[in-house]
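Comments concern the structure below.
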Protein chains: 2
Amino acid sequence: MAEATLIRNQAEEVKALQDTIYVIGGKWKLPIINSICNGNKRFRQIERSIPGITTRMLSRELKEMEMNKLIKRTVYPDSPVLVEYESTPYCKTFGNIILAMIDWGKEHKKYIQEEN
Amino acid sequence: MAEATLIRNQAEEVKALQDTIYVIGGKWKLPIINSICNGNKRFRQIERSIPGITTRMLSRELKEMEMNKLIKRTVYPDSPVLVEYESTPYCKTFGNIILAMIDWGKEHKKYIQEEN
DNA sequence: CAGGATCCTGTAGGATACTG
DNA sequence: CAGTATCCTACAGGATCCTG
């Protein structure tokens, strides 16, 4: 009985893990979330803050993230047009994951350097 | 000066984040690490513990993870042959990330359910 | 500045069958 | 049980140029 409970919980945890991987999968979603949560609001600003990303990928991901209510897009129709992206509360729920991953990346870098 | 420091640190953090994404990228690495850290040792056991994975993907990932010292593979040449996988200390450094992602997945599920 | 439009490619990943 | 071997393809992602 205790074992059955243990097994069922593990199954739930794998699924939770897989759900999360599905949602934040790919190379760009987390870096973009991180950038916007760090206060970057403008398209080019976000773009420049993420090494390697192209306008095409950033554009695509931002659109998808707006649909999924991860970010809010506001247009100020002056000329030239001004567009601002903001994080939503939902967006911030990824904070712990991002922090854990930044930590790991830093430790990993130390580890690699010590090897040489 | 303070700002320059801030900016530089943010750049480092993005890179750390991107490094981590690179290392654990794809659908399967984290679930496999999780499974092995949970005590699953045998190939079929690991396979059954991860919904959706195929023998091909599990085989490939295990091989790569062994090369990268994430796991240890031991063969007991009785017949039928017995093979056991174990997590290394390095493997366990992903613990925080996995826990954060499991947490997020569980919360996300609640959130989805409340919507209906 | 904020993107859209096109074109292109590698490879992650799936399906299926087979072996010692 | 513990994998290999093939075959296949969708799509993530890159490169480049263009527009209001």
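In this text, all values refer to a predicted model and were calculated from it rather than measured experimentally. Because only heavy atoms are used, hydrogens play no part in the values below, and waters and symmetry mates are left out as well, while side chains stay in. Below, chains carry the letters A, B, ... as their sequence lines are ordered, and counting in each starts from 1.
Atom pair B:Glu84:CD and D:dG3:P shows a separation of 12 Å (rounding to whole Å applied). The separation between A:Leu58 atom CG and D:dT16 atom P is 19 Å, rounded to whole Å. Between the C1' atom of C:dG3 and the CG atom of A:Leu82 lies a distance of 14 Å, rounded to the nearest Å. Distance, B:Leu62 CG to D:dC1 P: 15 Å, rounded to whole Å. Straight-line distance from the CD1 atom of A:Ile53 to the P atom of C:dA2: 14 Å, rounded to whole Å.
Regarding contacts with the backbone of C:dC1, every side-chain N or O of A:Tyr85 stays at 4.0 angstrom or more from both OP1 and OP2. Between B:Thr55 and D:dG3, a side-chain N or O to OP1/OP2 separation shorter than 4.0 Å is absent. Contact annotation: B:Ser59 side-chain N/O to D:dT4 OP1/OP2 distance is under 4.0 Å.
In this structure, B:Glu12 does not pair ionically with B:Lys15, as no charged nitrogen and carboxylate oxygen lie closer than 4.0 Å.
A distance of 13.5 Å separates CZ of A:Arg48 from CD1 of A:Ile53, quoted to the nearest 0.5 Å. Taken to the nearest 0.5 Å, the CD atom of A:Glu86 stands 11.0 Å off from the SG atom of A:Cys91.
The cluster map of Ile, Leu, Val, Met, Phe, Trp and Tyr, joined by side-chain heavy atoms under 4.5 Å apart, puts A:Val14 and B:Phe94 in different clusters. Connection of A:Tyr85 to A:Val75 is established within a shared hydrophobic cluster, with ILVMFWY side chains joined at heavy-atom distances below 4.5 Å, either directly or through further cluster members. Linking Ile, Leu, Val, Met, Phe, Trp and Tyr residues whenever their side-chain heavy atoms come within less than 4.5 Å leaves A:Ile46 and A:Leu82 in two separate clusters. By the criterion of side-chain heavy atoms lying less than 4.5 angstrom apart, applied directly or through intervening Ile, Leu, Val, Met, Phe, Trp or Tyr residues, B:Val83 is grouped together with B:Ile50 in one hydrophobic cluster. Note on B:Leu62: it does not cluster hydrophobically with B:Tyr76, by side-chain heavy-atom contacts below 4.5 Å among ILVMFWY residues.
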Result block: side-chain N/O donor-acceptor pairs under 3.5 angstrom for residues 21-43 of chain B, not counting sequence neighbours:
from: B:Lys29; atom 1: NZ; to: B:Glu61; atom 2: OE1; distance (Å): 3.3
from: B:Ser35; atom 1: OG; to: B:Asn40; atom 2: ND2; distance (Å): 2.8
from: B:Ser35; atom 1: OG; to: B:Ser49; atom 2: OG; distance (Å): 2.8
from: B:Asn40; atom 1: ND2; to: B:Ser35; atom 2: O; distance (Å): 3.2

Solution key, residues 103-113 of chain A side-chain donor-acceptor pairs under 3.5 Å, sequence neighbours excluded:
from: A:Trp104; atom 1: NE1; to: B:Thr93; atom 2: OG1; distance (Å): 3.0
from: A:Lys106; atom 1: NZ; to: B:Glu13; atom 2: OE2; distance (Å): 3.4
from: A:Glu107; atom 1: OE2; to: A:Lys110; atom 2: NZ; distance (Å): 3.3

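Nearest heavy-atom pair, A:Thr88 versus A:Lys72, reported as atom, atom and distance to 0.1 Å: CG2-N, 4.1 Å.
Contacts between residues 63-76 of chain A and DNA chain D, defined by a heavy-atom separation under 4.0 Å, are absent. Within residues 39-48 of chain A, the residues that place at least one heavy atom under 4.0 Å from DNA chain C are, in residue-number order, A:Arg42, A:Phe43, A:Arg44, A:Arg48.
Inter-axis angle, ends of the helix from C:dC1-D:dG20 to C:dG20-D:dC1, five pairs per end, rounded to 10 degrees: 50°.
In this structure, the side chain of A:Thr20 does not engage the main chain of B:Ile102 through any donor-acceptor pair within 3.5 Å.
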**Message:** The test is side chain to side chain contact (heavy atoms under 4.5 Å, CB included); show your working for B:Ile98 and B:Met101 and say whether it passes.
**Reply:** CA-CA 5 Å; B:Ile98 291 175; B:Met101 291 180 69; 5.8 Å; no
Please list, pair by pair, any protein nitrogen or oxygen found under 3.5 Å from a nitrogen or oxygen in nucleotides 11-13 of chain D.
from: D:dA12; atom 1: OP2; to: A:Arg60; atom 2: NH2; distance (Å): 3.4
from: D:dG13; atom 1: OP1; to: A:Lys27; atom 2: N; distance (Å): 3.0
from: D:dG13; atom 1: N7; to: A:Arg56; atom 2: NH1; distance (Å): 3.1
from: D:dG13; atom 1: O6; to: A:Arg56; atom 2: NH2; distance (Å): 3.3

